[in-house]
Every structure is written in structure tokens, then in C-alpha cells.
2 protein chains.
Amino acid sequence: MSKSSGTTPASAQESKSARTRRSLLDAAASVIQSDGVANLTLERVAATANVSKGGLLYHYGTKQDLLNALLDDTLRRADADLEALSDRAGRDRGSFAHAYLDFVRHRSHRDDTAAGVLAAAALDEGDLTIAQRQFARWQRRLLDADGLGETAALLARVVGDGLWLIDLFDLAPPDDRQRAALLDHVGRLIDEA
Amino acid sequence: MSKSSGTTPASAQESKSARTRRSLLDAAASVIQSDGVANLTLERVAATANVSKGGLLYHYGTKQDLLNALLDDTLRRADADLEALSDRAGRDRGSFAHAYLDFVRHRSHRDDTAAGVLAAAALDEGDLTIAQRQFARWQRRLLDADGLGETAALLARVVGDGLWLIDLFDLAPPDDRQRAALLDHVGRLIDEA
DNA sequence: AATACTGTACCGGCTGGACGGTTTTTGTGC
DNA sequence: GCACAAAAACCGTCCAGCCGGTACAGTATT
């Protein structure tokens, strides 16, 4: 097949281990989305990843380890997305704030793993510190390095997080038109601040 | 003591049952706050309420029943608080929106049960519909009966919910000064809308 | 007499984690 | 190239503990 070109797996920068770990993380995310966090069990994750339970425990010695790794991974991806959006914006002021808003613009509650993971971590006495640090970093970025006033920066953050929460729990989310209008409006407020 | 004036408890509009149920709800909230939702067990709730496990199950036949009741109760209180704040505001426009903002103004993540309950319900496959209906009601109230424009109403909602989320998970919440500045600013935006 | 409990004993299922064994990969000397 | 050992990756099973829920007989309260 296309994989393993010969004797040496060589070229791949991914070790076998890393690949398995990734598939375990993906499996965990998938289980959370389809079955809910309450039904997130090691066996189910292992099965979804086509790995035995023992194999899972080899990589993540405890369920908490798995959760932490998943949370970390999810936040890392979100951060990367934000950076990309920020770069693409190419403004001299408020590019990160706009990225923050754009991040939630086209995001339905359907495709959101971060939320479930966050909740899981919170409930299972998990290390929210991972998430807390990340949000602190974003907050600093908005306040110190985005060229906006304090209040404008906070507004972007709070609106973004608010929509995220609403989507997460499906708490009467505004429809697409309302959402777009709100985000446009907030974007304008930020630019004029 | 001040209670039970004589032979008949009479005057009290609270039956024995109602009092016990309340103490069970309070106990559940207390356990969630002190031990986390993950450690919310029927026995612990019963013990905290000075009730036997059998007694708990007499009132709430299943754990889910207890959770639902707690969520309902918490939302009901929040709604009452909002109404009170709205009445006190005494504006002809946007009094509910201002109430919504004031609700989170002086609220630290410490004294927040609703969040934990919400998370618990979400995780335990619970009926989020209770919460969803309540938020839908608030949203309708803001949009239809508060005399504001659509975007202004949504702004109040999203900012309120956003701060709530941030407090809940302690995700780098803005300090008191920043928070006050943000809420004042949003309040002004709403009035000028 | 009805309601509101207490207390205990128990069950059954689930799950996290341990553990010993097996396969695969990797490193090394020849 | 090859043998071969050691380490890494992984399997499958077993177990102990916990927890929700049942059952029920008895006691207190109203």
C-alpha cells in the first residue's frame, strides 16, 4: 500500500507511538461527541481506536492523563486556528480580537469537542489549569498586544466566550442571521473604539 | 425558638416534606460546590442533609430526579432574582437587559451552583431541556418585551453569559475594575442603541 | 391512619487500574 | 545482510471497589 515504503518506516516524522497516541486522542474526542462525556470509558475509547485497553493504559497511565492530554491537544489546535485567523486578518489593530470573534462565527455546537472536554475535566476534578493558562494567554494577547483599548479587548473576549457557552449547551442560540449581526456589530465597535 | 409557635406548626406554608426536599436540594448544591460534581453521590447528599439514603430516595426516586429538581430550583431562583432586578431598575427601555448584566456584576465564581448543576446535567445525560427552556424564555424577554433592538438585546445576553462562563471555570476572569468598566460600557451601548 | 421517614442489608453492573504475557520494533555486533 | 537480544508497544483478562437502586421492617411525626 501507500504506507511503509519498504523496510524502514524512516521518512515519517511520526513514530509508531505518536500515531497511536493521536488515534487515541481522536477516538476519545469522537466518543465524547457521539456518546457524551458520561459514557466516556477507557474500553470504549480503546475500542474506537482499535487498540486494546492495555494498549491505551500503556500510553496514558490513567484516565485523567488521557483527559489532560485531550484538553491540551484541543486547546493547542484552537490556538493554532486563532493564530492563523489573526495572521490572515492582516490588520494593524485588533487582528487577534477579530480572529477571536471569527473563531465562533461559523461554529455550531455540533462540532465542538473542547467544550465537552472542558466539562469533563471540570467534573472529574481535572486540571483546569491547562485551560486557565491558555485563556490567560489569550487574554494577555488581547489586552497587551492587539492595539486595542482595554474595554474593547474584553468585549471581544466575553462575546466570543459567551457565544461559545451558548452553543455548547444549546441554550437558545441565536439564529445565523442574528449571530452574524451581533458579531458584525461587535466587530465595528472594536474598530471604532 | 422562633419557629413552631406552639402545638400547630400551622402558620408555616411549608410542609414537613417540602422542608426536607429543600434541605436535600441545598445539600446537593453544597456537595457540588465543596466536593465537585464527580463526587456527588446519593449517600453523601443524604448525609449532608441529615437524612438517610432511604429518605432521599423516598422524595427523589432516582439520582436524575434529584438533579433535575436541583437544576429547576436553581433556574427558578435566578429567574426570580432577574425579575426583582428588572423591577428595581424601573426603566422604560432595557430594564431586563440591565438586570441581566447586573446579575453577573457582583458574582464571583465561588458562589455559583448553577454552573455545576448545568454541567452535571449535561454530563449525566440529563435534561438540559429545563435549562434550554429557561434561556429561551429569557432570550424572548430580551428580544420581544424589553424595547431594545435585536442586536442590543443579544449583546446583553451574550456578554452576561460570557462572563458567567468565565467565572464558572475561572478562565482568567477580568479583575473587578475591568469587569465594572466592561459592564458599564455595555450598559451604555444598550441605552444608546 | 396516613405520611414521612430510619436503618440495614443486599444486589448487580460498571469501570479504572493492575498484571503477566505476546508481538513488533530497534539497536548492535558480526 | 543476519542473528539476536533488549526494549518498546500492545493484548486480554481479572479483580476490587464503588454506587445507584431495591426491599423491607420498623419508628416517628402529623
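By convention in this document, chain letters (A, B, ...) are assigned in the order of the sequence lines, proteins followed by strands, and residues within each chain are numbered from 1. Hydrogens, waters and symmetry mates are skipped; everything else that's a heavy atom, side chains included, is used.
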*Measure from CZ on B:Arg19 to C1' on C:dT3 and round the result to the nearest Å.*
14 Å

*So what does B:Asn50 hit on the nucleic acid, given a heavy-atom distance under 4.0 Å: a base, only sugar-phosphate, or nothing?*
sugar-phosphate

_Between B:Arg179 and B:Asp167, does the salt bridge (Lys or Arg N to Asp or Glu O under 4.0 Å) criterion hold? Intermediate values first, please._
CA-CA 11 Å; B:Arg179 171 187 291 251; B:Asp167 287 342; 2.5 Å; yes

*Report, as yes or no, whether the 6.0 Å neighbourhood of atom CG on A:Asp176 holds more than 12 heavy atoms from other residues, nucleotides or ligands.*
no

*Mind grabbing the angle between the end helix axes of the helix from C:dA1-D:dT30 to C:dC30-D:dG1? Five pairs an end, 10° rounding.*
30°

Show me the protein contacts with nucleotides 5-9 of chain D, counting only N or O atoms at under 3.5 Å.
| unit_1 | atom_1 | unit_2 | atom_2 | d |
| --- | --- | --- | --- | --- |
| D:dA9 | OP2 | A:Tyr58 | OH | 2.5 |

*Under 3.5 Å, side chain of A:Lys53 to main-chain N/O of A:Ala47, donor-acceptor pair present?*
no

*Side-chain donor-acceptor pair under 3.5 Å between B:Thr48 and B:Ser30, yes or no?*
no

*Look at B:Glu83 together with B:Arg88 and state whether they make a salt bridge at an N to O cut-off of under 4.0 Å.*
no

*Just checking, any donor-acceptor pair under 3.5 angstrom between side chains of B:His59 and B:Asp65?*
no

*Do the ring planes of B:Trp164 and B:Phe135 sit parallel (below 30°), tilted (30 to 60°) or perpendicular (above 60°)?*
tilted

*Are any non-hydrogen side-chain atoms of B:Arg44 and B:Asp35 less than 4.5 angstrom apart?*
yes

_Can a side-chain donor-acceptor contact be found between A:Tyr100 and A:Asp161 if the only test is distance below 3.5 angstrom?_
yes

*Which nucleotides of nucleotides 8-23 of chain C have their base under 4.0 Å from a protein heavy atom (B), which only their sugar-phosphate (S), and which neither (-), written as one string 5' to 3'?*
--------BB------

*asked:* Do A:Tyr58 and A:Leu66 land in one hydrophobic cluster if side-chain heavy atoms of ILVMFWY residues count as linked below 4.5 Å?
replied: no

